[in-house]
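Here the structure comes first, spelled out in structure tokens, and everything after it is commentary.
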Amino acid sequence: MHQLIQDLKSGYTLLEEIPAPQVREGCVLIQTTCSLVSLGTERMLVEFGKANLIDKARQQPERVKQVLDKIKSDGLMPTLEAVFNKLGVPLPLGYCNVGKVIAVGKDVSSFQIGDRVASNGNHAEIVCIPENLVAKIPDNVPDEEAAFTVIGSIGLQGIRLLQPTLGETIVVTGLGLIGLITAELLKANGCRVIGIDFDSQKIEIAKAKGIIALNPANDGDVVKQVMDLTGQTGCDGVIITASAKGDDIVHQAAQMSRKRGRIVLVGVVDLNLRRDDFYKKELSFQVSCSYGPGRYDETYENKGQDYPIGFVRWTEKRNFEAILQAMSSGSLNVKPLISEQVPLAEYNRIYGDMKKKGVIASIMVYPEQTDMSAKIKIASTGFAASTGKMGIIGAGNFTSATLLPALQKAKASIRYIASAQGLSAKLLAKKAGAEYAVSDYKEILQDPEVSLVLITTRHNAHARMVLDGMNAGKHVFVEKPLCLNENELTDIIDCYTQKKELTLTVGFNRRFSPYSVKMKQLLGSSPMNIVATMNAGFIPPEVWVHDLQTGGGRIIGEACHFIDLCSYLASSKVISVCMNALGTHPAENTDNASILLKYENGTNAVINYFANGSKAYSKERIEVYSQERTLILDNWKELKAYGFKGFSGMKSRQDKGHRPQFALLTDRVKNGGEALIPFESIVNTTRASFACIESLKNKNWINIE
């Protein structure tokens, strides 16, 4: 199948061949018939992609500050690598998709195969979309008109926030696609609508729909015009659907509003609000969020948990349905807005010049026949067909920025890269010189040439995929954590003990850093005191890593790194754990905690995992005290030693051990040898991470079996 993407590095808009996505739980698989190009939003993405690095930085000043902070804490080269990796990940384009349901995921009850639906899917021949972002299309609404559903919902949500009533005068500033739909919906709601735009074609379309339309270039002072039309009272409300720099539009909206008028921003303008504009009239101002309630809510969008209609009447899905119903009843007529219908293969007719005049809405039409293959051949890597080949499951940022560069440096033989949506797998497979990109990871497990499977998915999939890999007779590498609960761990232990010829490695990379190796060599196995501090940084609470069912929380999901590192340095195993967290009533998914570890050999370790520190400060610091000697490791860039004869320290670019880890892993897969980390140590670390949460709940020490 094919999908449109924007390459941020080259600036090109590309039609990429990728594996067809697989239907996921709670989702439907849709074969696209047409999609609407949102000229405003997509033009911004295309122009951003075409901009040089300096212009990109100017457009995102908040990102520049983050980059400068990262340079201070991690160094120049790691920061540049991270920035260029981000720019190397193309963006999928489009969010107004129409098609036919061809597969229904588990727990989906409202759709059947064959249903015509509208969704926020990308410009792709096949899309996999969560149930709450899909709506059925009435029989009398053609596909090309239904493609306006999502963009119409953006305007509708702005109207719902404004709460207009019959007879009110509402101004719509910006008569682009969203503005024209918003104006027509307001008119259907019984309002007198005044539209403002500089484009004479849009003015004529608005007038044809019975809207009072003003062009500042021809009609002069639009504030005066609105005041005259309202008997010097001012309009009841303003919806801003324009995209422009500066704060003039908001200032103008305030001037033309009556006392206690309402202003809602749907478009994109600068928000340097002038207090005097709002103070005298007691105006209200609100920014509208996309399609409506539920947007950007992981629980609603991806887990399918709807809001009760008695408490939230209009969710984003119900807004989709309202727009489709308005089209079906004739109160919203989008047909005059369609400027052109272009076959998908001729996409450059649209994207080659997105500023051409006379275009309101462009519809892309898709071929009836689509390649449903979940597997795409990329290229030959040049390795002979033999053991030692690898398959990577997961194509996110860690795979792109860290895992692939390390494997490439180790000259690993990568046969597959898999991702559920297919696009990221194809892009990374090309980058890595892998042989195949797939959307179904089981293709990897069925290939006898694959010796090692590497799992870098979200945490809740780790245990299942580890078991699938070992049961398929593959060596397995899984990024931390190994699993999220004791039941999953028990299943893995049972499977591992039956597969004695296989190895299981968890991505505890820090023990492989040259700094860690040197510290262990210097320390020996005597009891020691270890203080490990992680200045982890704040992550918003809605991000999936905090979800105990999906990410396991940051202690199980991330602090396990430091439990393993302490165990490695101590040359011993954890026997008891106690954890305390910030606040009087800390939650299980805390990310501000201190962990105490007792070791079998008498070592005592403290892990401080904090998310409330400055990002400008070093992210990680390890201190070890033993036999009147001290080691201080600062952010994996500098090690200082005190009390060691003939050694005072070492310093280099930041090295957290990823490259040595994957170099060793590649060598072992090709040539054999011992497991990189003893399985007993992996189990001990995993159980210790679970004990942290249990200790927080029970407020006592927890012994590790």
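Residue numbers start at 1 and run along the sequence shown.
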Side-chain contact, heavy-atom cut-off 4.5 Å: [X] with [Y]?
{"X": "V365", "Y": "P343", "result": "no"}
{"X": "L156", "Y": "W314", "result": "no"}
{"X": "D199", "Y": "L175", "result": "no"}
{"X": "I263", "Y": "F278", "result": "yes"}

- Message: With salt bridge (Lys or Arg N to Asp or Glu O under 4.0 Å) as the criterion, how do R116 and D143 come out once you've worked through the C-alpha distance, each side chain's angles and the decisive distance to 0.1 Å?
- Response: CA-CA 8 Å; R116 282 196 314 133; D143 284 4; 2.4 Å; yes
Are the side chain of [X] and the backbone N or O of [Y] linked by a donor-acceptor pair below 3.5 Å?
{"X": "T399", "Y": "G394", "answer": "yes"}
{"X": "K209", "Y": "I181", "answer": "no"}
{"X": "E443", "Y": "V438", "answer": "no"}
{"X": "T550", "Y": "D547", "answer": "no"}
{"X": "N215", "Y": "F198", "answer": "yes"}
{"X": "T32", "Y": "V98", "answer": "no"}
{"X": "D247", "Y": "L273", "answer": "no"}
{"X": "S119", "Y": "V134", "answer": "no"}
{"X": "D197", "Y": "I203", "answer": "no"}
{"X": "Q157", "Y": "P293", "answer": "no"}

Hydrogens and angles aside, do [X] and [Y] bring a side-chain donor and acceptor to less than 3.5 Å of each other?
{"X": "Y351", "Y": "E42", "value": "yes"}
{"X": "S419", "Y": "S424", "value": "yes"}
{"X": "Y366", "Y": "S35", "value": "yes"}
{"X": "T299", "Y": "Q305", "value": "no"}
{"X": "S284", "Y": "R262", "value": "no"}
{"X": "D277", "Y": "H251", "value": "yes"}
{"X": "T370", "Y": "Q31", "value": "yes"}

Atom [atom1] of [X] with >12 non-hydrogen neighbours under 6.0 angstrom:
{"X": "E340", "atom1": "CD", "value": "yes"}
{"X": "K281", "atom1": "NZ", "value": "yes"}
{"X": "K100", "atom1": "NZ", "value": "no"}
{"X": "D139", "atom1": "CG", "value": "no"}
{"X": "K442", "atom1": "NZ", "value": "no"}

- After noting the C-alpha distance and the side-chain angles of V545 and I539, does the key distance pass the side chain to side chain contact (heavy atoms under 4.5 Å, CB included) rule? CA-CA 9 Å; V545 294; I539 294 179; 4.1 Å; yes
- Applying side chain to side chain contact (heavy atoms under 4.5 Å, CB included), run through E542 and D297 and close with a yes or a no. CA-CA 8 Å; E542 65 271 15; D297 181 344; over 6 Å; no
- Task: Fit a plane to each ring of H459 and W544, take the angle between them on a 0 to 90° scale, and name the class: parallel (under 30°), tilted (30 to 60°) or perpendicular (over 60°).
- Result: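 Perpendicular, since the angle between the ring planes exceeds 60°.
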- Just say parallel, tilted or perpendicular for the rings of Y300 and Y307, cut-offs at 30° and 60°.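 Tilted, since the angle between the ring planes falls between 30° and 60°.
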Nearest 0.5 Å please: distance from the [atom1] atom of [X] over to the [atom2] atom of [Y].
{"X": "T457", "Y": "N460", "atom1": "OG1", "atom2": "CG", "result": "7.5 Å"}
{"X": "I126", "Y": "M1", "atom1": "CD1", "atom2": "CE", "result": "6.0 Å"}
{"X": "T13", "Y": "H123", "atom1": "OG1", "atom2": "NE2", "result": "10.0 Å"}
{"X": "L14", "Y": "L427", "atom1": "CG", "atom2": "CG", "result": "9.0 Å"}
{"X": "S38", "Y": "L93", "atom1": "OG", "atom2": "CG", "result": "10.5 Å"}
{"X": "N140", "Y": "M327", "atom1": "CG", "atom2": "CE", "result": "11.0 Å"}

- Task: Any chance you could lay out the salt bridge (Lys or Arg N to Asp or Glu O under 4.0 Å) test for E16 and K430, step after step, and finish with the verdict?
- Result: CA-CA 11 Å; E16 192 77 29; K430 285 175 64 177; 3.2 Å; yes
Which heavy-atom pair separates [X] from [Y] by the least distance, and what is that distance?
{"X": "S439", "Y": "Q22", "result": "OG-NE2, 3.2 Å"}
{"X": "T182", "Y": "I159", "result": "O-CD1, 3.6 Å"}
{"X": "R295", "Y": "Y291", "result": "NE-CE1, 3.5 Å"}
{"X": "N97", "Y": "A124", "result": "ND2-O, 4.0 Å"}
{"X": "K136", "Y": "L324", "result": "O-CD1, 3.2 Å"}
{"X": "T165", "Y": "C191", "result": "O-SG, 3.7 Å"}

- Residues in ring-ring contact (aromatic ring centres under 6.0 Å, His included) with F538, at least two apart?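 F538 satisfies ring-ring contact (aromatic ring centres under 6.0 Å, His included) with no other residue.
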Between [Y] and [X], does any NZ, NE, NH1 or NH2 come within less than 4.0 Å of an OD or OE carboxylate oxygen?
{"X": "D306", "Y": "R318", "value": "yes"}
{"X": "K187", "Y": "E168", "value": "no"}
{"X": "E301", "Y": "K317", "value": "no"}

- Message: Working note: Y347 + V37, criterion side chain to side chain contact (heavy atoms under 4.5 Å, CB included); need CA distance, chi angles, decisive distance, verdict.
- Response: CA-CA 10 Å; Y347 68 96; V37 178; over 6 Å; no
- Query: Applying the side-chain contact (heavy atoms from CB on, under 4.5 Å) test to E184, which of V193, N333, I205 qualifies?
  - Reply: N333
- Please step through salt bridge (Lys or Arg N to Asp or Glu O under 4.0 Å) for the pair R24 and E131, ending with a clear verdict. CA-CA 10 Å; R24 304 193 310 274; E131 184 177 17; over 6 Å; no
- Under the side chain to side chain contact (heavy atoms under 4.5 Å, CB included) criterion, do H546 and R554 qualify, and how do the steps go? CA-CA 6 Å; H546 291 296; R554 296 185 82 180; 3.6 Å; yes
- Task: Under the salt bridge (Lys or Arg N to Asp or Glu O under 4.0 Å) rule, collect the residues that match up with D248, sequence neighbours excluded.
- Result: R274
- Applying salt bridge (Lys or Arg N to Asp or Glu O under 4.0 Å), run through K426 and E17 and close with a yes or a no. CA-CA 8 Å; K426 168 66 183 294; E17 184 181 12; 5.2 Å; no
